[in-house]
Amino acid sequence: MPAVVVVGAQWGDEGKGKVVDLLARNADIIVRYQGGNNAGHTLVVDGEKTVLHLVPSGVLHKGKVCVIGNGVVVDPTVLAIEIDALRKRGYLPDDDSLMISDRAHVIMPYHKAIDLARERLRGEGRIGTTGRGIGPTYEDKMARVGIRFADLLDEETFSATLEGTISEKNTYLRQILNEQALDFESIHAEYVGLARRFGRYVSDTSVYLHNALQAGKRVLLEGGQGTMLDVDHGTYPYVTSSNTVAGAACTGTGIAPTQITAVVGIAKAYTTRVGSGPFPTELHDDLGKKLRQDGDEFGATTGRPRRCGWFDAVVVRHAVRLNPVTGLALTKLDVLTGIDPLRVCVAYEHNGKRIENFPASMSTLRGLTPIYEELPGWREPLTAARSLADLPKNARAYITRLEQISGAPAMIVSIGAGRDQTIVLTNPFS
């Protein structure tokens, strides 16, 4: 009963979509366990680009079951658009190919209104939220006033809950955030219609996954964002609103920790992040611009340009320890072609002291100086390689050094956007 978790080992955007799509060939069920439509997973199959925000990245393989777990917060209007677009292309051919947890929380219009208004009022202190209502939905979940799919499908419960919540949220929107009030009737009518549409997909997916694992099915679990955006273990407060680490795969799906058999940590061969917050190895020069251009480093969800920098082994070691990572999937190695020398951050310096582990203090993070090690680059193109032996000597040496300083072996090496531009060293399902 193998259950494999795919987790980002940096600040998100590491290429989880491609890796999940690759590993989904060996899985029966693919599950999204946290986050919302603030995360976009990009897949390129036969030259066609697909960006997914809620439906798990295994949807492009026939015969797979895609599950949206209880740890995900779901905007049903976005999900409806995504399902329609996939069905037009022949995916999700029947209702049995998609399941939604009855315990997953629903993003409501007031969540999005509050999210956008708060970020506007923060001004220069903004945290870089996508404005999709993710944070306010998780807030309501923890405050025990959220609306779950189980509640949405019970029209009486939904109506009573929405009426009281709209009154409270409108007071907050008008008096605190100086925003327009929202209309109960129009929201109620829209979401009752959505409940009727999604009812066929909603069930207790925890029981379904338990039974599937007991029956020997192979389950692949994917998260959104990355370890450094985890609300507990990331660069707080410049983080997302949920736990992104592999442990959240259990709480976000309802399967037991003992059922996890492997954790694949995804890391770019360099480092990127979107939005505000500390980024010790960020490059502010032409090389940073080159990485952004050559790597197509623009957010799949927002289109925002990503900040780019050298590979940070302190960050990846942090992720390897926390998750803990069985093996690394190194992505976008090809983007480094032509850069010589290459630099990797092996530790930090702060006030004359060497720091090997990622600190929590924001003031410490702002005062860090990366300690770099230089490695020789290569000029040969990599995208035609299908084995490690096909790679230039210096590219192989670079991979080996990243394994050593990160503390985990390379399991997969990606050298292009296409499915076939991948070197698989170890199958986590084997």
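What you see below is based on every heavy atom in this structure, not just the backbone, and it leaves out hydrogens, waters and symmetry mates. Given the structure is predicted, the values throughout are model-derived calculations rather than measurements.
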Evaluate the side chain to side chain contact (heavy atoms under 4.5 Å, CB included) criterion for residues R273 and L229: first the C-alpha distance (whole Å), next the side-chain angles of each, then the deciding distance (0.1 Å), finally the verdict.
CA-CA 10 Å; R273 79 169 295 172; L229 293 177; 3.8 Å; yes
So, S363 and S361: side-chain donor and acceptor under 3.5 Å apart, yes or no?
yes
Which residues pass the side chain to side chain donor-acceptor pair (under 3.5 Å) test with S430, sequence neighbours left out?
none
Side-chain donor-acceptor pair present, T331, E14, cut-off under 3.5 Å:
no
Mind checking ring-ring contact (aromatic ring centres under 6.0 Å, His included) for Y138 and listing every partner two or more places apart, or none if nothing turns up?
none
Heavy-atom pair of closest approach, residues L220 and V20:
CD2-O, 3.6 Å
Treating R292 as the side-chain partner and R306 as the backbone partner, does any N or O pair qualify as donor plus acceptor under 3.5 Å?
yes
Around R200, counting heavy atoms of other residues, nucleotides and ligands shown, do more than 12 lie under 6.0 Å from its CZ?
yes
Quickly, which of V5, V72, T244 forms a side chain to side chain contact (heavy atoms under 4.5 Å, CB included) with Y33? Name it, please.
V5
Can you list every pair that meets salt bridge (charged side-chain N to carboxylate O under 4.0 Å, His left out) and has a residue in residues 330-341, with sequence neighbours left out?
E297-K332
Test ring-ring contact (aromatic ring centres under 6.0 Å, His included) applied to H61 - qualifying residues, sequence neighbours left out:
none
Minimal non-hydrogen separation, T137 against V106, with atom names:
CG2-O, 3.7 Å
Ignoring hydrogens and angles, tell me if any N or O in the side chain of S406 forms a donor-acceptor pair with the backbone of A408 under 3.5 Å.
no
In this structure, OH of Y201 is separated from OG of S97 (nearest 0.5 Å) by 7.0 Å
Strictly distance-based, threshold 3.5 Å: is any side-chain N or O of Q421 a donor or acceptor partner for the main-chain N or O of G418?
yes
Testing the basics here: between S203 and M99, what is the closest heavy-atom pair and its distance to 0.1 Å?
OG-CE, 3.2 Å
Please determine whether salt bridge (Lys or Arg N to Asp or Glu O under 4.0 Å) holds for the pair R307 and E282, giving the CA-CA distance in whole Å, both sets of side-chain angles, and the decisive distance to 0.1 Å.
CA-CA 7 Å; R307 300 155 62 190; E282 183 173 8; 2.9 Å; yes
Under the ring-ring contact (aromatic ring centres under 6.0 Å, His included) test, which residues partner F279, sequence neighbours left out?
W11
Can you spot which of R120, R118, K112 makes a salt bridge (charged side-chain N to carboxylate O under 4.0 Å, His left out) with E179?
R120
Any side-chain heavy atom of I100 within less than 4.5 Å of one from F198?
yes
Which residues pass the salt bridge (charged side-chain N to carboxylate O under 4.0 Å, His left out) test with D84, sequence neighbours left out?
R197
side-chain hydrogen bond (donor to acceptor under 3.5 Å, both in side chains): which pairs involve residues 376-385, sequence neighbours left out?
T337-W378
Within 6.0 angstrom of R317 CZ, more than 12 heavy atoms from elsewhere
yes
Is it true that a side-chain atom of T271 and a backbone atom of D312 form a donor plus acceptor pair closer than 3.5 Å?
yes
Please name the pair of heavy atoms, one in C345 and one in T281, separated by the smallest distance, quoted to 0.1 Å.
CB-CG2, 3.6 Å
Given K64 and D96, is the salt bridge (Lys or Arg N to Asp or Glu O under 4.0 Å) satisfied, shown in steps?
CA-CA 10 Å; K64 310 298 181 182; D96 293 336; over 6 Å; no
Is it the case that the side chains of D140 and H111 hold a donor-acceptor pair, with the cut-off being a distance below 3.5 Å and no angle test?
yes
Residues at least two apart in sequence or cross-chain that pass side chain to side chain donor-acceptor pair (under 3.5 Å) with K18, listed by chain then number, are S414, T422
To the nearest 0.5 Å, tell me how far K141 NZ sits from S242 OG.
8.5 Å
Is there a donor-acceptor pair under 3.5 Å between the side chain of D390 and the backbone N or O of A385?
no
Only one of L402, I423, I399 passes side chain to side chain contact (heavy atoms under 4.5 Å, CB included) with L333, and that residue is I399
Do T227 and N323 have a side chain donor and acceptor closer than 3.5 Å?
yes
Partners meeting salt bridge (charged side-chain N to carboxylate O under 4.0 Å, His left out) with D420 (sequence neighbours left out)
R386
Output yes when a side-chain donor or acceptor of R218 lies under 3.5 Å from a complementary backbone atom of I29, and no otherwise.
no
Can you tell me how far CG of L221 sits from CG of L209, rounded to the nearest 0.5 angstrom?
7.5 Å
Closest approach of P278 to L365 (non-hydrogen atoms, all atoms of both residues):
CG-CD1, 3.8 Å
Side chain D285, main chain G288, donor-acceptor under 3.5 Å
yes
Does H318 use its side chain to pair, donor to acceptor, with the backbone of P359 at less than 3.5 Å?
no
Polar side-chain atom of R32 near backbone of Q34 as donor-acceptor pair, under 3.5 Å
yes
Report yes if the side chains of Y191 and P76 come closer than 4.5 Å at any heavy-atom pair, otherwise no.
yes
Report yes or no: does K169 contribute a side-chain atom to a donor-acceptor pair with the main-chain N or O of A113 at less than 3.5 Å?
no
Can N357 and Y348 be said to form a side-chain hydrogen bond (donor to acceptor under 3.5 Å, both in side chains), step by step?
CA-CA 8 Å; N357 298 306; Y348 306 136; over 6 Å; no
Output all residues satisfying side chain to side chain donor-acceptor pair (under 3.5 Å) with Q293, sequence neighbours left out; order by chain, then residue number.
none
Could you measure the distance from the CG atom of L336 to the CG atom of D294? Nearest 0.5 Å is fine.
9.5 Å
Check whether the side chains of T272 and K268 place a donor and an acceptor atom closer than 3.5 Å, and report yes or no.
yes
Where do N243 and D230 land on the side-chain hydrogen bond (donor to acceptor under 3.5 Å, both in side chains) test, with the steps shown first?
CA-CA 5 Å; N243 290 111; D230 185 280; 3.0 Å; yes
Mind jotting down which residue pairs meet the side-chain hydrogen bond (donor to acceptor under 3.5 Å, both in side chains) criterion with at least one end in residues 393-403? Sequence neighbours excluded, please.
E373-R401, R401-Q404
Contacts under 3.5 angstrom, residues 246-266 side chains, donor-acceptor by atom type, not counting sequence neighbours:
{"from": "T251", "atom 1": "OG1", "to": "A248", "atom 2": "O", "distance (Å)": "3.4"}
{"from": "T253", "atom 1": "OG1", "to": "A249", "atom 2": "O", "distance (Å)": "2.4"}
{"from": "T253", "atom 1": "OG1", "to": "I255", "atom 2": "N", "distance (Å)": "3.4"}
{"from": "Q259", "atom 1": "OE1", "to": "A256", "atom 2": "N", "distance (Å)": "2.9"}
{"from": "T261", "atom 1": "OG1", "to": "A3", "atom 2": "N", "distance (Å)": "3.1"}
{"from": "T261", "atom 1": "OG1", "to": "A3", "atom 2": "O", "distance (Å)": "3.1"}

Side-chain contact, heavy-atom cut-off 4.5 Å: L342 with Y372?
no
How close do E222 and V55 get, heavy atom to heavy atom, and via which atoms?
OE2-O, 4.4 Å
